[in-house]
Number of protein chains: 2
Amino acid sequence: MSRVLNSPQIVSPETAERVRKAIEQLGYRPNLFAQGLMTRKSRVLGIALPDIHGEFYSELLRGADAEARKLRYHLLVGSEARAGAGGGGGQSETGNGGGHGTGGGVGAGPGGPSTAEEGSLAHAFGLVDGLAVMITEPNERLWRAAVSSSLPVVVLDAEVDHPSVDSVMVDNAVGTREAVEHLLSSVPPGQLYFVGGPAENYDTKRRAETFAEVLRGTGAVIRPDQIVYGQYSVEWGYAWAAENLRGGKLNGAGILTGNDEIALGILQAAQDADVEVPGQLKIVGFDDTRLASLVRPSLSTVRVPLAEVGAAAIDALVRRVEDPTRPSTKTRLATNLIVRESSGWAR
Amino acid sequence: MSRVLNSPQIVSPETAERVRKAIEQLGYRPNLFAQGLMTRKSRVLGIALPDIHGEFYSELLRGADAEARKLRYHLLVGSEARAGAGGGGGQSETGNGGGHGTGGGVGAGPGGPSTAEEGSLAHAFGLVDGLAVMITEPNERLWRAAVSSSLPVVVLDAEVDHPSVDSVMVDNAVGTREAVEHLLSSVPPGQLYFVGGPAENYDTKRRAETFAEVLRGTGAVIRPDQIVYGQYSVEWGYAWAAENLRGGKLNGAGILTGNDEIALGILQAAQDADVEVPGQLKIVGFDDTRLASLVRPSLSTVRVPLAEVGAAAIDALVRRVEDPTRPSTKTRLATNLIVRESSGWAR
DNA sequence: ATGAAAGCGCTAACAA
DNA sequence: TTGTTAGCGCTTTCAT
């Protein structure tokens with residue numbers, strides 16, 4: 001009987017024992033499909049990321065997975081990478097063009113349109129109890145699919161204002177501010193640069209804004225070349241630096257980048273051009289991926305609690321799954337500057 | 001009607017159209033639980049890794065995910081990390097002790113014993129069509145769970161000899177041989193070292209064996225200190241090198257490591273001790289993770305086609321799911337040496 | 001406290 | 001070609 005497993009307290013001890021023994025004997029396993037058919041629950045959560053690869057998403061996923069396991073849920077992953085036409089920006093390391101990415105990843109909710117090639121989690125929609133979806137840049141389709149879904153949804157990264165959708169974001173401002181002020185302590189405002197990822201990327205955008213804000217706070221006027229956009233890739237960082245290192249333009253400069261990869265590219269270009277870091281050029285990355293602490297000189301960077309972001313998303317999602325009436329929450333996790341060799345210490 | 005969706009060819013065009021319109025109108029979505037209850041299929045595959053974190057597993061997972069999507073399946077991930085008592089060795093980057101890891105990760109098949117804290121995928125067993133499980137070191141429980149499962153199973157990394165279990169492995173021998181011979185071209189046999197990961201780890205073991213074999217092929221007698229085991233971590237590599245760099249013992253030596261992380265640790269120790277790489281010390285890593293090409297000097301390494309391994313696993317699994325009678329296959333993917341700066345070129 | 005039966009939404013087999 | 005029905009294995013309700 002299912003009573004033994006689900007409500008052990010209302011069944012007599014001896015019956016329970018008898019049943020339990022039979023279960024053991026027969027190697028009985030409840031059929032999860034039948035169970036799901038009745039209860040409408042699977043204890044499986046979907047997580048849709050722009051990409052699955054690299055330190056960034058790997059760490060996020062790890063945090064999400066750990067939290068899910070703690071709450072006794074499972075994770076069904078779905079990366080949008082290579083899904084639709086032109087992948088999204090995200091923090092992809094491959095640095096493949098900056099297409100505005102209409103790429104799917106989540107099917108439309110009931111009532112919405114649905115094509116055969118809807119995208120990653122469309123098919124699995126019906127199997128999961130909820131969905132965590134990361135939206136790193138404007139993506140109308142993904143967005144509408146997310147908010148109009150009948151499933152509990154938590155959105156990562158994008159600004160959300162929907163009564164039934166939870167969101168988890170990173171507070172870029174604090175860390176960015178710390179980083180810029182840190183750089184300003186040894187570099188004049190006119191020598192400070194922000195080398196970002198894709199201009200559409202929400203995080204890059206916010207970081208650039210705070211960068212500009214802090215700089216303007218010093219009374220400085222910002223030149224257009226001080227804030228530039230590209231890709232979240234080593235190659236972009238290297239290319240930008242190689243270009244701008246010429247003529248000693250960057251001598252004595254300070255650079256904040258959109259992520260650690262870009263910073264590493266710049267670091268390598270500097271090394272190849274025999275420019276001393278941090279002596280002649282100071283660099284601060286973003287995210288604090290493992291890379292940052294492993295390269296030499298080690299990379300100063302703004303730490304983003306990636307694992308916590310993943311965990312918070314799962315946490316919010318599970319809460320909502322288990323209590324759908326609960327008001328939506330916005331979680332915002334702090335960032336903070338970590339000073340290492342590339343921006344400060346003498347070696 | 002379900003006939004329209006499942007066997008469109010046996011239904012008249014106008015009926016099909018009528019039904020399709022109704023489906024659209026009502027926003028109808030087939031219930032996957034009911035569907036699964038009948039068909040016993042979910043198009044979801046479980047993948048159990050020792051850990052989910054770091055370049056190594058990230059890349060493997062990415063390959064698996066890409067292949068799954070191509071075959072129109074979904075991936076349910078389950079890392080064993082922190083599952084049972086003492087995590088397994090695997091290629092975890094955290095370098096937490098080398099416990100022999102009885103850690104669960106997969107529940108026992110029907111008939112087997114099952115405790116409440118069975119591990120990661122136990123609960124989801126009933127939802128997936130098949131299971132890819134990576135076994136990186138002897139683990140009786142995981143092993144028995146895998147082979148005795150009623151589900152289609154493909155084992156990664158471990159040697160398997162079971163008629164119904166497919167396996168995907170890496171052919172460590174070729175790459176290792178290439179690496180050792182490459183090092184032998186500039187370093188005498190007595191100056192060659194293999195600094196491995198955990199001694200129990202299958203890959204490390206095989207690599208050590210081939211290392212020894214090639215060395216013996218030169219007629220040399222191998223000292224015990226030439227082959228050592230530790231963790232798959234930067235810290236272990238650094239510690240070993242820091243220890244052995246003293247007294248110039250490693251001057252003119254060549255080192256092959258169990259993975260890139262260890263190699264990086266050694267590289268850093270060498271740099272901190274002002275030992276020139278590759279001038280005074282040559283280093284070859286293993287895996288060819290992104291790390292290897294990003295550090296300076298760039299790391300020579302034996303490339304392991306991680307993404308292909310993941311893809312091959314999913315491929316084999318899907319084949320078996322869709323044809324359970326098919327004989328089991330063993331896939332073995334080649335490795336090959338990639339020479340970069342740390343073992344060869346002058347900078 | 002326990003047995004019996006309805007029904008979740010689908011597919012497959014059987015009628016028409 | 002199409003309509004009808006049994007039944008997948010569970011949970012839940014209703015009788016007992």
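Scope of the values below: all heavy atoms of this structure, side chains included, with no hydrogens, waters or symmetry mates. Convention: sequence-line order gives letters A, B, ...; per-chain numbering from 1.
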Asker: Tell me the interatomic distance from A/M38, atom CE, to D/dC8, atom P, rounded to whole angstroms.
Answerer: 16 Å

Asker: Round to a whole Å and report the spacing from CZ of B/R3 to P of D/dT4.
Answerer: 11 Å

Asker: Could you work out, with side-chain hydrogen bond (donor to acceptor under 3.5 Å, both in side chains) as the rule, every residue matching A/E17, not counting sequence neighbours?
Answerer: none

Asker: May I ask you to test the A/V44-A/L75 pair for a side-chain heavy-atom distance under 4.5 Å?
Answerer: no

Asker: Should A/S12 be listed as having a side-chain N or O under 4.0 Å from OP1 or OP2 of C/dT2?
Answerer: yes

Asker: With sequence neighbours left out, what residues match A/E322 under side-chain hydrogen bond (donor to acceptor under 3.5 Å, both in side chains)?
Answerer: A/Y73

Asker: Does anything in residues 35-44 of chain B form a salt bridge (Lys or Arg N to Asp or Glu O under 4.0 Å)? List the pairs, not counting sequence neighbours.
Answerer: none

Asker: Respond yes when some side-chain nitrogen or oxygen of A/S2 is under 4.0 Å from OP1 or OP2 of D/dG9, and no when none is.
Answerer: no

Asker: How many whole angstroms separate atom CZ of B/F33 from atom P of C/dT11?
Answerer: 15 Å

Asker: In this structure, how many angstroms lie between the C1' atom of D/dT11 and the CG atom of A/L5, rounded?
Answerer: 12 Å

Asker: Please evaluate the base of C/dG9 for a donor-acceptor partner in the side chain of B/R29 within a cut-off of under 3.5 Å?
Answerer: no

Asker: Looking at A/N31, I'd like to know whether one of its side-chain N or O atoms comes within less than 4.0 Å of OP1 or OP2 on D/dC8.
Answerer: no

Asker: Could I get the full list of side-chain hydrogen bond (donor to acceptor under 3.5 Å, both in side chains) partners for A/S58, not counting sequence neighbours?
Answerer: none

Asker: Would you kindly check whether a donor in the side chain of A/R40 faces an acceptor in the base of C/dG9, or vice versa, at under 3.5 angstrom?
Answerer: no

Asker: Taking side chain to side chain contact (heavy atoms under 4.5 Å, CB included) as the test, write out the residues that go with A/D323, two or more places apart.
Answerer: A/T325, A/R326

Asker: Can you check the B/Y28 OH to C/dT11 C1' distance for me, whole Å?
Answerer: 10 Å

Asker: Once rounded to the nearest 0.5 Å, what's the spacing between atom CG of A/D157 and atom OH of A/Y202?
Answerer: 9.0 Å

Asker: Looking only at side-chain atoms of A/A34, point me to the closest of C/dG9, C/dC10, D/dC10.
Answerer: D/dC10

Asker: Ignoring the backbone of B/V11, work out which of C/dT11, D/dT2, D/dG9 is nearest its side chain.
Answerer: D/dT2

Asker: Report yes if at least one side-chain N or O of B/Q35 is closer than 4.0 Å to OP1 or OP2 of C/dG9; otherwise report no.
Answerer: no

Asker: Report the secondary structure of DNA chain D in dot-bracket form, marking unpaired bases with a dot and bases paired to a different strand with |, and treating Watson-Crick or G-U pairs with both distances under 3.5 Å as paired.
Answerer: |.||||||||||||.|

Asker: A/N6 has an atom CG; how far is it from atom C1' of C/dT2, in whole Å?
Answerer: 16 Å

Asker: Just the rounded figure in Å: distance from C1' of D/dC8 to CG of A/L32.
Answerer: 14 Å

Asker: Rounded to whole angstrom units, what separation is found between the CD1 atom of A/I10 and the P atom of D/dT16?
Answerer: 19 Å

